[in-house]
Every structure is written in C-alpha cells, then in structure tokens.
Amino acid sequence: MTFHLTDRNLPRYHLFGTLIVVVTLALTLGASFLWIGVNQHQQSIDRLEHGFGMQKQERLRGEMAAAIGYLDFVHSRTEMVLQEALRDRVDMAMQTAQAIYQREHRRRPEAEVKRLIVEALRPQRFYDGRGYFFIDGLDGECILLPIAPEREGSSLWNNQDDAGHYIMRGLAETARNKPDGGYSSYRWYSPDNPKEMSDKLAYVRLFKPYGWVIGTGDYLYKWQDMRMREGLERLRAWKFGDTGSFIAISQNGQLLLQPQWPEFEGKHFMEVGTPEEKKVRAALIKVATEGGGFLEYPWLNRARNTTSLRTAYVQVYRPWKMIVIASVFEEEMQGTFNAEREATLQALSRQVPFLAAAALTAIMLAIGASVLFSRWMSGLLGNYRRELDEHSRALEKQAQQLRLAGHVFESSKEGIVITDPDSRILAVNPAFCAITGRTPNEVVGQRPNILASGEHDAAFYRAMWKSIRETGSWTGEIRNRRKDGAVYPELISISSVRDPAGKVLHYVGTFLDITERKEAEEQIRQLAEYDPLTQLPNRSLLNKRLTDAVAQARREARQLGVLFIDLDRFKNINDSLGHPIGDRMLQAVADRLRHLVRESDTVSRLGGDEFVVVLTHLDGPSHVLPAARKILAALGQPYYIDEHELQITPSIGITLFPDNGQDGETLLKNADTAMYHAKNSGRNTFQFFTPEFNEWVMERLQVENGLRHALARKELLLHYQPQVDLASGTIVGCEALLRWLPTGGALIPPDRFIPVAEETGLIHSIGSWVLDEACRQLREWDADDARPIHMAVNVAVPQLRQRNFVGLVRDTLQRHGLSPQRLEIEVTESVFLNHDEQIRQTLQSLADLGVQLSLDDFGTGYSSLSYLRNFRFDVLKIDKSFVSELHCNQDDITLIRAIVSIARDMSLVTVAEGIESEEQQHILHELGCMIGQGYHFSRPVGADQMGRLISQPVGESSLAQ
C-alpha cells in the first residue's frame, strides 16, 4: 500500500498515527505498572524473609559475643584469683611465724622457736586438702614439707621439673630478690595424675629472722576447672527471648551444659537422648570443627510439646576446649513476619483499581491532546516552510563570519566550550581538550557538570546561573576535575549568546587553568605565615589567630589559655652538636606539640627555641592544667637523632583570658614573663602569670641591661678570699670572687647577676675579663716580691663548652708570665649534668696544660666517685654546709672524714669552705683536711689589702695561730 503525502492528508495521517502510538503506550504502561507491583510485592516478601533471617542471626551473634566475653573475663581472672589466694595464705603463715618469733625468741632457744613455727604450720590444709605450707632455706635445705616429711633436713637444691627448671633455686631467688613476696612457676606431679607433671604456681616470702623461704602453691588446672564451672553456671541462667538458651559440649563430646536435661550433663552425647537428638548434636560438633557457624534443625519445643525448627550459632571456646551453642526457636519471629507479608499483599490489592483508572484516563487525555496537537502542527508546518527559506538565506551570510570565528576558536590558548540553551555541549576547542584531558567525542552532547569537582554546593551554581540569566554573563574562579581525576582551579567567564529578539541561542564559556598562579600564591602565603623549619604558624599568623580567638572567647563568655614554651638549655645542643642537629630537635618538638592539642587549638613557633600554644574553648583555669602536664611529659621524653640520644625539658608560662590580659599582645607578654619565672623556679615546670612576676621581670631586665655595659663602664671588680694552710695558718692561695658595683648604686652579689650572665651569653666576655684580671693581679703581687701563692678562678659550664677556652687560658698565662700550676680552675658539680664531650675534652686539655682543677661544693649535689675516676681533679672543696655545724654534729664529722680519706687515697688536696671558728679549724686539721677558707681567717678583701696580707713575713702572715 502506497501513501501519497500532501499538505492536506499529512495532518490526518499524523493524527491517526499519534492516536495508535499513545493508546498502545498507555495500555503497555498500565500492564507494566501492574507487573512491577507484583514483582515488588515478591521482592518485599523476599527482603522480609532475608531481613528476619539476618536479624535472627545478628541476635544469636550478639548473645554469643556477650557470652564469650564473659567466659574470657572469667578465664582471664584464673591466675589472678589463684595469686590472691596464695598471697593471702602465705601472709597468714608469715603472721603466724612472726607472732611466734616475737613472743618466744627472747624466752626460748632458737631451735625451739623454729620448731614451734614449723609445727604450727605443718597441720594446716586448704584447697580441698591439696594446699599446704612449705619452708626451705635459701641454700635449698628442706625445713617443712608436710606431704613428704622424710625429705625434711635434706637438700632440694637440684630438684628439676620435666622442663629442666630448678624448682628450689627459682623459689629461693624469688624470695631473695623480692623480700615482700613474689611468685614462681614450675611443674610438679598432681594428685589426680601422679605420673605426669602439671603447671603449678607458688607464692613465697622471705622470713628474715631465720632466712627461711615460706610459701605455698597450687595447680593451675584445678583453678581453671573451678572458673569453667563458674562460667557454665552463668550460661545456665542466661536466657534471651522466650526460647533462647545456651548449651556447651566438650570437644570430645561430653555434655557440659544442657539446661533442658541437666541429668545428661557429664555424659557423652552418644549415650543419652533419642537418635534424632544424637544426630543433631553430632552435626553441631561438626560445624564447630569446621570453624563455627549457623545450623538449623528440628527440636522438641517443651512449651508447646511439638517439634519446631530451631536455629543455633556454634562457636569453639578454645581456652577451655569446649563448644558453645546459642539457639532459639523459629516461631519467636514468625508471627511478626506473617503480619508484614499480609500487609504487603493488601497494599498491592489496593493499587490495581487505581492503575486501571489511571490507564483509562491517560488514554482519553491522550486522544484529546493528539487532536489538538495535530491542528497545531499543521499551522507550524506552514510557518516552518516559510522560515526555512529565510533561514537558508541567512546561513549564507553567516558562513563567512563562522569561518573567521572557527579560526579563533581553534587557535585560542583559552579553553572554550559552546553549549545549546539546555546547556548541552555542542563544541570544544583544542585548548579545552589539553586542559581537561577529554576528547570532543567524550564531551559533545554532555552537560558541563561532567567536569564538576564536587567541591561547590548547589547554592554556588544557583547563584552563578542567576547572574547569567539576569546580566548575561558571569566571571569567577571555580574548581573542576580533569579526566585523570585531578582537581584544578580555573578562571572562567560564561556569556549568553542571544538572537535579536533576546532569545538565548548558546552559552559560551572561556577559561584558563590557574594552577601555577594558585601554587605561587600559596607559596607566598606559606612563607609569610608559616615557619619554614617546623611548618608551624609564625608570629604573624599567631597574632591573627590569637586576635580571633580572643574575640570569640569574649563573645561566648569563655576563657582561653596561652602557653609560652621555652626549651631549657637548648643552646647547649646547638653549641655542642651543631645547628643541623638543633634544627631537627626543633622539628621533633614541633611534631610532638602538634599531636598534643586539638584541631581548634594553635601551635606556633616564634623563633629560636620559643613556642606558643593557644588553647580555646576553656570553661575554667583548671582545664589548662592537663595540657601543660602533657606538654611537660611529652617534651621531656628522649629524642633519638642519628646516633645521639638527647634530653631536653621545657619551661612554660601560662596566661588566661580575660584574667591576665584583654588582648593577644598582653597575653603573650605576660605568658613570656611567667615562663621566665618558671625558668627561675628550676626549669622543667610551668607557672601561671601573676602581677608580681612583672616586678621580677623588670628587675631581671634591669640587671641584664646594666650587665651588658658593666665591662665598658669598669663596674666589675674582684675581691679575694685567702686560703690558709690549716696546720701553719699560712696563706697559700686565694679565690677570686666577682663583684658588681653599678655606677651610683649598691654592690650587687653574684647570685643575682651570674645566672643572668649565663642565660644571656654575657658570661663569656665577663669570664674572660675575670681570668685576665686575676692573672694580672697575681703577676702584680709577684712583682711586689709577695710570697708566691696560687689563684683560684671560678668558671661556668658555658665557658667550658667553648672550643677556644683552653687557648684563652694558655694565652692569658703566657701574657702575664705565669706558670699553669699557679692557676686553679674551679668548677661545680653541675658540670656532670652536661654529658657533653666538648666539656670533657676541655677539662682534659686544661689538666694536660698543667692547670690545677678544683671541684667546688663537693658532696652537695651530684657527687659520684665515678666522676673522680673519670675526671682528673687536683682539689676537692668541702662545702660550708658540712662545716657550719661541725662542732656539734657527729654526722658531719663522719662525712668529712670519708671525703678526706677518699681525697688522700686519690692524691687530692682538700679545701674546707666556711670556717668561722678556731674550733672548726682544729677539728678539720685533726680530720686531715689540708687547706681552709672562711671568715675565721678573712672576709673577701680588695686587691691592695690582699697584697699586704701575703707580703708579710711568714710568721706575721699567719692569720690564725
């Protein structure tokens, strides 16, 4: 049949064809909905069945997990319970022995007292008759063994168990090393099996009056059996649901727990029950041997007196070699399942009439819509023919323009994408493909959202399209994703192309990949706001964050804490090991601090070895204490860098907003002040800020500022205190003591400015001046024909760490023409705290040079004989704390006698400090001390007066006769 299409019959054919297609589709759609409903009903039933099955299994798993957890708890306490029981028994025996000894040892002979103790313990039995007390000597002699009295009096020293362990030696070693009691494990023959050894645990204590080992022990398996019975009894009472319960079977088939038939317990499962029950139990054991799992089987329901399906979850409990089974009857959940299935079927029945009505309505509407659509199409067809002619003419005019635009499109370095009004991609240029990694075939026909990175929410895109619709364009930054999954930033401009009537024809997007520019900006920001060594926020970023945190805390009426952290003696590491090791130490400190705080807190490095931690959202001052303690503990742990094991401690100052400041700058300044107070309090601690600290800091700053100019202003001077031979009273040397007299001020004692000099590094220049001035003065006394004496100069630890210190001493002695033996370098015992190879080398080099080395304040701090062995000292100075009460304290006399004896044996000279009376001088001389100094002889005096003292003839210069 041939169709002749004309302008008149085309709408009619179109109408008939549309009606046939719409009615067919409506009928097909209704049938499809009905089929889908039936299929969904069946799927719902299947899901219900699967869901109830999974729910039942999860319930059994949960009950089993709880039961196994309880059994683990009971099993884990076996040895602990045995230990407590043994310890209680031995403590009772010790009390008995101690009571007899206290009561009788002065009234009876020792042998009789021992016999009373032994006979008091011999008859005592416990642990169902297995337990008894034994007594042995530390040499292995058997004193009491109730189960084998014939062995008493013999040696058990070489008794071994089947593992080769010497039983008696282990017991004796435990008692000797742990006088307050200890445990020893070995193996021995059990009462149940005299031919085979079992693990046994004993607890022993040393009875010190006689050197006895008193103890008792018991077999571990006996206590394990008791704990297993306890666990089984708990499972017997364990019920879940209406029919859920536990049973237990040993791996050899013995029924350990059978709540339904307790009379079967203790028997093999093949000896009891019906054949069907035996078969079920065999199947359960098989599941256990295969690793455990679920099993369904028919079982007698006593409540209904019928056989029902029962589901069991089987698991092996290996510590006690038994199989644990949790089971429940099927009908516990069947009622709920049936109700759900009936409700699903009723819902499907209600849908059928609705689907039929919907299909009929759709057919009627489709017929009416088709008639109207056919008429409308007829009108459009005529218009389309006219417009087609006009469009053909317009296309010819646009061809030239398109060729030019195409050249620009292809050669542009910017990515270009063109879409239709529905945002479907029509064309992309080569730059688009190079940037996104996608070919034209992959994107044409797709929407631009295939490039979306997922980092922008729906609100972002709504705002973008709103701008395009209202203004015709949008420009901004956006993050898209390449084909390989990499996300990149781009600067994009989207414009709409409209016809003369204002209708949107296309959307054109042009974009540039700005990844390199973003990376450069991020690098600049990183350099500006982060410390390059530790990658922590620097001072600039810290100030911003602290300002924001203060503002937030003020809004929320909460507190925040600022912790100012300075590493104690960090300069020692830089000076001794070099800056690379110091930098790695700072990185390790930063890493530890990072892991100690929350995400909302800030860790910053201000510079050098100074760090700041800002703690936000605090409800009270006490909440900052845990963080401070954690920081002290963490930073105090050893650092392992290359082959070095390093130790360092922090000093922490703490301020709180709003109590200690209303802005970040004040909080930081006050925290710094509190940190200095923490250092002054002994380091490795933290201090909260108080207003009084400001006064202390101001005073310290005044001392530091004044000390920096003291040398230039010639405000430093030396006083000298004579050192006298205790036998003759003759001056044999003096100690140079540094004093500071500021211009127009009072004399400042050394204990106020020396610590500041050490911390600021001024001690090096001051120490060099002291050494030079003391040697110059000694040479001047020699020039005045004064009697030759030695000069003692105190040297601080930082000076010894200087690599050129020995050269400085050598040059000073040569410049003033003095022999090295005339100079005595005094160091305190704190030098031993610095396990620094440079300090050791400096002391060795000074000794090799011939300079006398003196150990000051011996016996007050870190004294150890190993130091005297490892370091070549010539002089030991006895601290004045041992001398001040010498005339009335026998302990001080004993200590000084010991120090003098050690010094004499090691050929060391002893110098006693702080002698204030003739009686003290006499006692020290009698004890063998050689030299003394103190107010009894002379206070520290100026150079002129000291020169007069040593210039007197020997008889006249004796200060104390």
What closest approach, in Å, do [X] and [Y] show between heavy atoms, and which atom pair accounts for it?
| X | Y | answer |
| --- | --- | --- |
| Arg779 | Gly817 | NH1-O, 4.1 Å |
| Leu823 | Cys775 | CD1-SG, 4.5 Å |
| Leu949 | Pro722 | CD1-CG, 4.2 Å |
| Ser845 | Val806 | CB-CG2, 3.6 Å |
| Leu625 | Phe686 | CD2-CE1, 3.7 Å |
| Pro798 | His764 | O-CE1, 3.2 Å |

From [X] [atom1] over to [Y] [atom2], what is the distance, rounded to the nearest 0.5 angstrom?
| X | Y | atom1 | atom2 | answer |
| --- | --- | --- | --- | --- |
| Glu885 | Gln920 | CD | CD | 10.0 Å |
| Leu762 | Phe753 | CG | CZ | 11.5 Å |
| Gln802 | Leu808 | CD | CG | 7.5 Å |
| Glu735 | Tyr720 | CD | OH | 12.0 Å |
| Arg840 | Leu800 | CZ | CG | 13.0 Å |
| Ile654 | Phe689 | CD1 | CZ | 13.0 Å |

Heavy-atom side-chain proximity of [X] to [Y] below 4.5 angstrom:
| X | Y | result |
| --- | --- | --- |
| Arg815 | Asp772 | yes |
| Ile565 | Leu593 | yes |
| Leu853 | Val827 | no |
| Ile789 | Leu778 | yes |
| Leu577 | Leu646 | yes |
| Gln723 | His790 | yes |
| Gln777 | Met946 | no |
| Asp848 | Arg872 | yes |

Exercise for review: Apply the test side-chain contact (heavy atoms from CB on, under 4.5 Å) to residues Phe937 and Ile731: give CA-CA distance (whole Å), side-chain angles for both, the deciding distance (0.1 Å), then the verdict.
Suggested key: CA-CA 9 Å; Phe937 304 112; Ile731 298 175; over 6 Å; no
Measure from the side-chain N and O atoms of [X] to the backbone N and O of [Y], and report whether any donor-acceptor pair falls under 3.5 Å.
| X | Y | result |
| --- | --- | --- |
| Asp568 | Asn684 | yes |
| Ser604 | Pro537 | yes |
| Asn670 | Asn660 | yes |
| Asn889 | Asp891 | yes |
| Gln799 | Ala796 | yes |
| Asp784 | Ala786 | no |
| Asp672 | Leu668 | no |
| Thr655 | Leu667 | yes |

More than 12 heavy atoms of other groups within 6.0 Å of [X] [atom1]:
| X | atom1 | answer |
| --- | --- | --- |
| His922 | NE2 | no |
| Gln814 | CD | yes |
| Arg592 | CZ | yes |
| Glu173 | CD | no |

Do [X] and [Y] sit within salt-bridge range, that is, some charged N less than 4.0 Å from a carboxylate O?
| X | Y | value |
| --- | --- | --- |
| Arg708 | Glu704 | yes |
| Arg594 | Asp591 | yes |
| Lys571 | Asp609 | no |

Point to revise | Residues Asp583, Gln587; criterion side chain to side chain donor-acceptor pair (under 3.5 Å); working and verdict | key: CA-CA 6 Å; Asp583 289 346; Gln587 290 171 339; over 6 Å; no
Solution key, residues 895-915 side-chain donor-acceptor pairs under 3.5 Å, sequence neighbours excluded:
{"from": "Thr910", "atom 1": "OG1", "to": "Met930", "atom 2": "N", "distance (Å)": "3.4"}
{"from": "Glu913", "atom 1": "OE2", "to": "Lys877", "atom 2": "NZ", "distance (Å)": "3.2"}

Check your understanding: With respect to His936, which candidate in Glu919, Glu916, Glu918, Gln921 satisfies the side chain to side chain donor-acceptor pair (under 3.5 Å) definition?
Key -> Gln921
Review point. What's the verdict on side-chain contact (heavy atoms from CB on, under 4.5 Å) for Arg787 and Ser951, showing C-alpha distance, side-chain angles and the deciding distance?
Key: CA-CA 6 Å; Arg787 184 170 57 262; Ser951 296; over 6 Å; no
Review point. Can you name the residues that form a side-chain contact (heavy atoms from CB on, under 4.5 Å) with Ser819, not counting sequence neighbours?
Key: Gln821, Arg822
Identify each donor-acceptor pair in which a side-chain atom of residues 738-752 lies under 3.5 Å from a protein atom, sequence neighbours left out, and give them as a table.
{"from": "Trp740", "atom 1": "NE1", "to": "Glu715", "atom 2": "OE1", "distance (Å)": "2.9"}
{"from": "Thr743", "atom 1": "OG1", "to": "Glu715", "atom 2": "OE2", "distance (Å)": "2.9"}
{"from": "Arg752", "atom 1": "NH2", "to": "Glu699", "atom 2": "OE2", "distance (Å)": "3.0"}

Point to revise | Check: Asp566/Ser651 side-chain N/O donor and acceptor closer than 3.5 Å | key: no
Exercise for review: Carefully, step by step, assess Asn794 and Ile754 under the rule side-chain contact (heavy atoms from CB on, under 4.5 Å).
Suggested key: CA-CA 11 Å; Asn794 292 279; Ile754 291 297; over 6 Å; no
Exercise for review: For Gln721 and Tyr935, run side-chain contact (heavy atoms from CB on, under 4.5 Å): C-alpha distance rounded to whole Å, both residues' side-chain angles, the deciding distance at 0.1 Å, then the answer.
Suggested key: CA-CA 9 Å; Gln721 187 170 29; Tyr935 288 177; 4.0 Å; yes
